[in-house]
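What follows is one structure encoded as structure tokens, with my remarks underneath.
Read the numbers this way: they start at 1 and go in the same order the structure lists the ligands and their atoms. Computed over heavy atoms, backbone and side chain alike; hydrogens, waters and symmetry mates excluded.
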Amino acid sequence: MSSNLAATLKTIIQENGPIGVDRYMAMAAAHYYTHHVAIGQDGDFTTSPEINQIFGEMVGLWVMAHWAHHGKPAAFILCECGPGRGTLMADILRTIKAMPACLSAAHVHFVEISPAMRARQADALGETQQCQWHDSIDTVPTQPPLILIANEFLDALPTQQFKREDNGWAEHVVGLSDDGELIFGLMPHAPLPFDHINAGQMIELSPARNQFCNHIKTRFAHQNGSALFIDYGYHVPPVGNTLQAIYNKKPCHPLSHPGQADITTHVDFHSLNRLFEGYPHILTTQQAWIKGMGGDDRLQQLCSGNPAHTQTLTQSYQRLTATDQMGHLFKVLEVRSV
Ligand code: SAH
């Protein structure tokens with residue numbers, strides 16, 4: 001793909017007409033993650049595992065608990081989707097060393113589209129840790145049991161947007177203005193079955209997220225395992241436009257830097273939670289989840305071992321868990337096959 005994605009998009013739109021927000025997001029995200037190593041304190045945005053090690057440690061505890069729940073198999077697939085800089089997996093592996101049988105049973109698989117990110121992930125794990133990469137979840141082996149982690153992965157998957165108007169529905173699309181710049185517009189669309197949306201309001205649908213979660217659900221019929229999805233999003237039926245872009249650490253208009261900015265929407269956990277009906281599943285907040293896993297105790301332990309870092313550790317832990325920071329905006333969805 002051209003490094004000047006804006007020009008490519010303009011040509012596509014000129015030749016074939018406006019494109020859906022989902023296609024725009026897919027092209028912008030693929031370009032962005034291929035050309036930028038975006039995450040971390042020095043990147044465009046930062047994520048929970050980069051903020052405080054307690055996040056990855058709690059995920060590591062969760063992995064051990066679920067490995068035990070599934071009968072301590074001699075081998076299992078430890079799969080992370082969208083692993084970023086590899087910090088989360090490095091923290092998980094460091095934590096599960098506490099149970100050597102669990103560590104030696106773990107076969108690490110990553111689902112990652114970006115070659116630049118793959119290189120970072122390899123560095124984070126070091127030469128001795130074997131791991132395999134996949135472009136998609138489809139090629140991750142279907143046995144032995146699967147323990148899957150996805151932090152801030154679903155938000156990057158493409159989303160369609162639809163608006164209810166006085167006389168029907170319209171799709172929110174990306175087209176060209178008279179002077180040839182990318183602009184949002186509306187195209188008439190067949191009626192949609194969302195009675196909770198009033199005229200003038202938007203709804204976001206993500207077939208890509210549903211397809212990903214349906215894939216996991218189908219696997220769980222034949223492959224034992226557990227999945228942990230963590231992301232910002234709703235736990236009630238969603239309404240509105242949450243498309244957001246971050247360029248050089250600052251919010252920007254979603255169309256102003258295509259392929260140069262991180263572009264995401266909030267995840268509709270309400271629907272994903274329902275999708276997993278029939279399997280044991282729990283939807284909660286990041287605050288409740290981290291505290292429930294013992295995060296507060298781990299914070300105290302880390303602070304007493306490193307008194308000079310008490311303030312930094314406490315502030316970064318607050319960032320992960322406080323109600324007005326990531327604690328409530330971020331949701332955690334756990335699913336098990338059995
Ligand atoms: N989980 C990491 C990073 C989240 S950023 C963390 O918590 O720090 C999103 C990650 O998903 C990046 O590694 C990006 O390259 C990857 N990614 C984005 N879209 C993807 C797709 N469609 N398939 C696979 N990986 C994708």
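With sequence neighbours excluded, no residue forms a salt bridge (Lys or Arg N to Asp or Glu O under 4.0 Å) with Asp178. The side chain to side chain donor-acceptor pair (under 3.5 Å) check on Asp231 picks up nothing, with sequence neighbours excluded. For Thr218, there are no side chain to side chain donor-acceptor pair (under 3.5 Å) partners, not counting sequence neighbours.
Taking the six-membered ring where tryptophan is involved, the planes of Trp169 and Phe194 are perpendicular, since the angle between them exceeds 60° and thus also 30°.
Checked options Ile203, Val21, Val173, Leu205; the residue passing with Gln160 is Leu205 (criterion: side-chain contact (heavy atoms from CB on, under 4.5 Å)).
To the nearest 0.5 angstrom, Asp262 atom CG is 13.5 Å from Tyr247 atom OH.
The immediate protein surroundings of ligand 1, defined as residues with any heavy atom under 4.0 Å of it, consist of Tyr33, Ile39, Thr47, Pro49, Glu80, Gly82, Pro83, Gly84, Val111, Glu112, Ile113, Ser114, Met117, Asn151, Glu152, Phe153, Leu157.
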